[in-house]
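Labels below follow one simple rule: chain letters A, B, ... track the order of the sequence lines, proteins then strands, and each chain is numbered from 1.
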Amino acid sequence: MTIRTRFAPSPTGMLHIGGVRTALFSWLVARRAGGVFILRIEDTDRERSTPEAVHAIIEGMQWLGLTADEGPFYQTDRYPRYHEVINQFLQSGHAYRCYCSKEELDEMRAAQSARKEKPRYDGRCRHGAIVREGVTPVVRFANPQEGQVVVRDLVHGPIVFQNSELDDLIILRSDGNPTYNFCVAVDDWDMRITHVVRGDDHINNTPRQINLLMAMGAEPPIYAHLPMILGPDGTKLSKRHGAVSVLEYREAGFLPEALLNYLGRLGWSHGDQEIFSIEEMIALFDLADVNKSASALNPEKMAWTNQQHMMRSPSAHLTAPLALHLQALGVIDPSARSLEAIVASQRERAKTLREMAEASLFFYRAPTAYESKAAGKHLNATALPWLQVAEEALGELLTWGAVDIHRSLETLAASHGVSLGKIAQPLRVAVAGGGVSPPIDQTLAILGRTEVLARLAAAVAYIAGQPAV
RNA sequence: GCUCCCAUCGUCUAGAGGCCCAGGACACAGCCCUCUCAAGGCUGGUACGAGGGUUCGAAUCCCUCUGGGAGCGCCA
């Protein structure tokens, strides 16, 4: 049997990190089994669903590479089918019309709470409701009143619910809109979903959905309820934790595969392995290895994971996104320097592409001011002669490559009986404006001879203009 | 209140009765490497929520408690 899974977000907000993790696991289950992954948009809440949110979900999934084999399907397109099932239920006695008003229901629930009972519909319209003129009834599902429902859950094991705990839920609102649990059951059946992978906040909905499925004569799928993802402080994830939308992680300079790797390791593990490529995750993922307890986001580890992926990626894979980040920082033409060389020199020095872009700005812009601490230490009278001899030696180089530059500077240092650092640091501050950059030979190679000599001349002039101490 | 879920270092986790006076990773501290910053290497500290069982033996199995979370909607 072909494994079929689905990701079913409701487009009422941005696609957040928790949703992405759910989508990832669901996608992984399908990919691992050579099955089918379906995207279904649950937009029956017409008040809160927006086209912008739908777009953000699709764009996010696309950026992450979590491609759907079928869909996106929209529940609002499936109303005829829902009404068809509701009519069947009405005829078969699996559902009934209920004329109770909201006030009546509120009163009922208030009374139950006062008696310390679980608030629930008491089924007063179940047997021959009194038709009220001018009131459009809702349709309620006649939930079985006895026996139990066993949820087959791959991460939790079997979970048992007593039918006596469940009430008759509304499946069709008075405004004609079917409700969530009902639509999910119909869709999962119609789309022949074999494995429902979703957040464990849905565990309590599951027995209702199973009863609905059984009333349709359907075989319930297997479930896998994933633990929640919490904010770094261990509380429920919300806007105040910063990034809400996955797309914000793209802006922040994360690689999609790194984000997926980090999210995958939240709740899932494969021994001691930390870094996984997408292919490895597909090959190794197993719901049996998924944790039951909630986990908190750790921004430092997320960044570290991203860095690890950047270090392992072929340079060519990083140049395009780096160019985008450079442009976002105001660099008109990122290709004015070798992006591959920049990536090669910066990849282990940055946690994100954005950081990499920031640290690489000096390749495109000569320093307009020197970092005061670095300049004080390295752009002074002591450094002046080193800058001058380096300028001369570099000017005479026949070929301008990192290896040539390195050899030249080393020879220079050796001939004066000093360490390379003595010369490299002043050079670094002169060309980069501060005390930090990739190795000096690579840095100069990327910059190009003309630019380097110009910046050295500027630094020499700067020192000359400094008051003598 | 009722129902359901969960519980190993600060965080992510390994651990399916003896291999564990608990291993790895992030973060932190120190050292090494070194032209800066990183990366890398080495070293260090900190965890099985509590109490009862079961067993020759429990982080691992059972029970109770405690603590956290979810649901109880004409939201999804």
Side-chain angles (χ1 to χ4, degrees), chain A residues 8-12 42-45 47-49 98 100-102 105-106 109 112-121 136-140 151 153 156 159-162 164-167 169-175 177 179-181 183-184 199-207 225 227-228 230 232 234-236 262 265-275 288 291-305 307-308 311 346-351 359 374 378 406 409-410 413 419-429 432 434-441 443:
Chain A
S10 67
T12 53
E42 310 218 323
D43 54 354
T44 53
D45 183 350
E47 299 286 303
R48 298 193 300 147
S49 296
C98 167
C100 295
S101 67
K102 285 187 186 179
L105 296 174
D106 287 345
R109 281 191 270 264
Q112 286 161 334
S113 293
R115 271 179 269 132
K116 304 204 176 210
E117 284 169 18
K118 187 176 188 167
R120 64 212 296 279
Y121 181 64
T136 311
V138 299
V139 176
R140 284 184 186 273
V151 178
D153 191 300
H156 292 273
I159 306 169
V160 182
F161 290 87
Q162 300 303 321
S164 55
E165 291 292 334
L166 274 22
D167 63 358
L169 75 160
I170 290 173
I171 56 177
L172 185 69
R173 300 181 177 96
S174 50
D175 65 3
N177 282 303
T179 59
Y180 170 74
N181 283 108
C183 296
V184 168
D200 66 11
D201 49 336
H202 287 288
I203 288 181
N204 292 295
N205 289 325
T206 311
H225 286 101
M228 302 270 87
L230 310 171
T235 65
K236 196 172 173 180
Y262 176 72
R265 278 289 286 105
L266 237 39
W268 171 76
S269 61
H270 180 72
D272 287 338
Q273 189 171 346
E274 296 287 350
I275 302 301
N291 262 184
K292 292 196 269 261
S293 51
S295 40
L297 241 27
N298 183 335
E300 284 82 27
K301 188 163 181 180
M302 194 191 293
W304 173 82
T305 304
Q307 180 176 36
Q308 292 297 314
M311 284 166 55
Q346 295 281 38
R347 63 159 101 240
E348 70 242 29
R349 270 167 256 275
K351 303 272 193 207
H378 298 292
H406 188 81
L409 294 179
E410 227 165 30
S419 66
L420 180 58
K422 197 86 178 165
I423 298 174
Q425 266 321 86
L427 278 176
R428 174 169 283 119
V429 181
V436 175
S437 89
I440 197 65
D441 47 0
T443 299

At under 4.0 Å between heavy atoms, what does [X] touch on the DNA or RNA strands: base, sugar-phosphate, or nothing?
| X | answer |
| --- | --- |
| A/Asp441 | base |
| A/Phe161 | sugar-phosphate |
| A/Lys118 | base |
| A/Gln308 | sugar-phosphate |
| A/Met228 | nothing |

Which whole number of Å gives the distance between the [atom1] atom of [N] and that of [M]?
| N | M | atom1 | result |
| --- | --- | --- | --- |
| B/G45 | B/U3 | C1' | 43 Å |
| B/C56 | B/C32 | C1' | 48 Å |
| B/G41 | B/U34 | C1' | 13 Å |
| B/C12 | B/C19 | P | 26 Å |
| B/U11 | B/C5 | P | 24 Å |

Among the candidates [options], find the nucleotide nearest to the side-chain atoms of [X].
| X | options | value |
| --- | --- | --- |
| A/Asp272 | B/G23, B/A76, B/C37 | B/G23 |
| A/Arg109 | B/G73, B/C12, B/C4 | B/G73 |
| A/Glu42 | B/C72, B/G24, B/A76 | B/A76 |
| A/Lys301 | B/C26, B/G1, B/A39 | B/C26 |
| A/Lys102 | B/C35, B/C12, B/C74 | B/C74 |
| A/Ile170 | B/G24, B/C74, B/C35 | B/C74 |

Between atom [atom1] in [X] and atom [atom2] in [N], what is the gap in whole Å?
| X | N | atom1 | atom2 | answer |
| --- | --- | --- | --- | --- |
| A/Asn177 | B/A76 | CG | C1' | 13 Å |
| A/Arg349 | B/U34 | CZ | P | 16 Å |
| A/Asn205 | B/C4 | CG | P | 15 Å |
| A/Leu427 | B/C35 | CG | C1' | 10 Å |

Inset, instruction - Let me know, please, whether A/Trp268 or A/Tyr180 comes out on the 5' side of the other along RNA chain B by nearest nucleotide. - result: A/Trp268
Inset, instruction - Between A/Lys236 and A/Ser101, just flag the one whose closest nucleotide in RNA chain B comes earlier from the 5' side. - result: A/Lys236
Legend entry - Residue pair A/Pro232 / A/Pro299, side-chain heavy-atom distance below 4.5 Å: yes
Inset, instruction - Could you check if a side-chain atom of A/Arg120 sits within less than 4.5 angstrom of a side-chain atom of A/Gln112, using non-hydrogen atoms only? - result: yes
Any side-chain to backbone donor/acceptor pair from [X] onto [Y]? Under 3.5 Å, distance only.
| X | Y | answer |
| --- | --- | --- |
| A/Asp167 | A/Tyr121 | yes |
| A/Thr136 | A/Ser174 | no |
| A/Thr179 | A/Ile170 | yes |

Inset, instruction - Under the side chain to side chain contact (heavy atoms under 4.5 Å, CB included) rule, collect the residues that match up with A/Ser101, sequence neighbours excluded. - result: A/Glu103, A/Glu104
Inset, instruction - Can you check each nucleotide of nucleotides 5-10 of chain B against protein heavy atoms at under 4.0 Å and return B for base, S for sugar-phosphate only, - for none, in 5' to 3' order? - result: SSS--B
Legend entry - Identified side-chain contact (heavy atoms from CB on, under 4.5 Å) counterpart of A/Tyr262 within the set A/Gln308, A/Lys301, A/Glu274: A/Lys301
Can you give me the N/O atom pairs linking the protein to nucleotides 42-49 of chain B at distances under 3.5 Å, or say none if there are none?
none

